Protein chains: 2
Amino acid sequence: MGRTRSFDRDAALERALEEFWRHGYEATSIAGLTAAMGINPPSLYAAFGDKRRLFAEAVERYQETHGAFSTRALTEEATARDAVERLLREAADVYTSTTHPPGCMIISAGVNTTDPGVIAELRGHREGAKRVIRERIEHDVRSARLPGDTDTAGLATYYAAVIQGMSTQARDGASRTDLERVAALAMRAWPAELLDGAPGRTA
Amino acid sequence: MGRTRSFDRDAALERALEEFWRHGYEATSIAGLTAAMGINPPSLYAAFGDKRRLFAEAVERYQETHGAFSTRALTEEATARDAVERLLREAADVYTSTTHPPGCMIISAGVNTTDPGVIAELRGHREGAKRVIRERIEHDVRSARLPGDTDTAGLATYYAAVIQGMSTQARDGASRTDLERVAALAMRAWPAELLDGAPGRTA
DNA sequence: TCGATTCTGTAGTGATCGCTAAAGAAAGGG
DNA sequence: CCCTTTCTTTAGCGATCACTACAGAATCGA
């Protein structure tokens with residue numbers, strides 16, 4: 001059924017992802033993309049549609065690979081505190097890894113972008129992540145591990161802000177240990193836990 | 001001495017500042033600037049040099065006006081704790097004010113920008129602010145208000161990250177009270193203070 | 001009033017933006 | 001083999017980028 005594609009679509013998508021990660025949506029040009037992907041513009045458009053759809057695929061791939069640690073941390077730990085602590089620690093690790101651009105693509109790639117669809121797409125992912133944090137904390141409130149008057153939305157906003165600050169610090173050159181110290185300090189805001197089987201103490 | 005300028009240079013600079021604040025350096029076009037400033041390109045170039053120098057003047061103006069609360073908070077309070085607490089509280093206020101774009105121009109305007117000079121200029125301001133925070137904390141360590149083993153650099157990085165996260169949250173639509181809650185939670189990381197005249201306790 | 005000077009608007013510079021028409025190259029089916 | 005299909009390359013589309021040549025308009029000193 002015709003000539004076969006001469007490049008690895010998945011590998012090219014990963015290169016495009018890293019371009020968008022490093023330079024953001026708008027500052028990444030088709031010329032920069034094709035150079036990084038090792039192909040010519042018509043091959044890019046035939047395989048991925050256009051710049052906007054290529055970006056959407058790159059974001060999807062990011063969530064399934066580099067950004068998947070977030071969902072794992074929040075679902076695989078026994079307590080909300082362990083989940084958030086692991087989330088911050090793994091963010092410190094991923095954001096400063098030298099095998100890919102620094103920081104978080106979901107946080108930085110849409111900054112200073114004109115396209116409203118791109119802004120909404122990334123903001124939706126950020127709001128979704130914040131909601132997952134809040135729901136994980138709410139679960140521990142319902143199971144009486146955390147006080148009933150815990151400000152779950154406030155804590156979720158706080159940890160979302162800390163993670164976004166860590167991403168910015170990483171892009172400014174902060175090291176892994178720098179961010180691990182930020183993560184450790186951020187955990188001091190965690191509310192006093194209620195012990196299992198020890199009823200009554202609310203503060 | 002020739003024809004007099006027909007527009008208010010200071011007012012035009014403020015409009016340019018807000019354009020750069022909202023859209024960042026690279027995504028702000030000369031066409032957008034001239035439209036916001038109410039002048040034509042030749043007037044802009046005659047009065048401000050070029051886009052790069054106009055941006056530098058806008059950053060300088062920002063530091064002297066919208067961003068001046070930062071230095072004031074860190075120099076006018078009696079203790080480092082009060083200084084940082086005021087810094088966070090005023091940031092929550094300024095970043096969500098509706099009289100100008102949300103967030104902090106120093107933090108966001110250089111994201112996803114290619115020009116290395118712009119990146120270095122803004123990063124320099126961020127590093128400078130972080131250094132001022134650290135020096136304010138070190139002052140309280142020297143005066144024995146804070147423990148001698150306080151990780152001043154770690155605390156400075158942490159509060160810098162929190163402020164950067166607050167800026168991102170503001171640009172995502174967070175309210176003033178949202179950011180005030182973030183500020184309050186962030187203060188839980190503050191080390192235990194040593195009381196004046198009560199010697200010895202180091203933790 | 002007049003020349004000198006400086007600002008202003010019009011209009012356009014070359015370069016780059018995202019994107020694509022056209023034609024040659026490589027694969028499958030007959 | 002040849003025809004069809006799909007990929008590839010070259011080349012260039014209109015639009016926008018930062019920036020400016022040019023000439024008219026406005027203000028100065030004389």
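Small disclaimer: the values here were computed from a predicted structure and weren't measured. Quick note on labels: first sequence line is chain A, next is B, and so on, each numbered from 1.
- As rounded to whole Å, 17 Å separates atom C1' of D/dT20 from atom NZ of B/Lys51.
- Salt-bridge check for A/Glu19 with A/Arg15: failed, with every basic side-chain N at 4.0 Å or more from each acidic carboxylate O.
- Between the CZ atom of A/Phe55 and the P atom of C/dG18 there is a distance of 14 Å, rounded to whole Å.
- OP1 or OP2 of D/dC7 has not a single side-chain nitrogen or oxygen of A/Ser43 nearer than 4.0 Å.
- The interatomic distance linking B/Ile39 (CD1) with C/dT10 (C1') rounds to 16 Å, in whole Å.
- When each of A/Tyr25 and B/Ala46 is assigned the nucleotide of DNA chain C with its nearest heavy atom, B/Ala46 is the one assigned upstream, toward the 5' end.
- Residues A/Arg176 and A/Glu180 are paired through a salt bridge, judged by an N-O separation under 4.0 Å between the basic side chain and the carboxylate.
- Note on B/Thr34: nothing from the nucleic acid sits closer than 4.0 angstrom, heavy atoms only.
- Using a 4.0 Å cut-off between charged nitrogen and carboxylate oxygen, B/Arg81 and B/Asp140 do not count as a salt-bridge pair.
- Rounded to a whole Å, the CZ atom of B/Arg3 is 10 Å from the P atom of C/dC7.
- The cationic group of A/Arg9 does not satisfy the cation-pi geometry with A/Phe7, failing either the under 6.0 Å distance to the six-membered ring centre or the 45° limit from the ring axis.
- The phosphate of C/dT20 (OP1 or OP2) has no side-chain N or O of A/Tyr45 nearer than 4.0 angstrom.
- Between B/Trp21 and B/His100, the ring planes are parallel. Angles under 30° get that label, and only those over 60° would be called perpendicular.
- Rounded to an integer number of Å, the gap from B/Arg52 CZ to D/dC19 C1' is 17 Å.
- The side-chain tip of B/Lys51 points at the ring of B/Tyr25 from less than 6.0 angstrom away and within 45° of straight on.
- Across the interface with DNA chain D, nearest-nucleotide mapping of B/Thr4 and B/Ala27 shows B/Ala27 to be the residue nearer the 5′ end.
- Following rounding to the nearest Å, A/Asn40 (CG) and D/dT10 (P) show an atom-to-atom distance of 6 Å.
- What separates CZ of B/Phe48 from P of C/dT8 is a distance of 11 Å, to the nearest Å.
- Between the CD atom of B/Glu26 and the P atom of D/dT16 there is a distance of 18 Å, given to the nearest Å.
- Remark: nothing in residues 5-17 of chain B comes within less than 4.0 Å of DNA chain D through any heavy atom.
- Taking a cutoff of 4.0 Å between a charged side-chain nitrogen and a carboxylate oxygen, B/Arg131 and B/Glu135 qualify as a salt bridge.
- Between D/dT10, D/dT20, D/dA18, one nucleotide has an atom nearer to the side chain of B/Ile30 than all others, and that is D/dA18.
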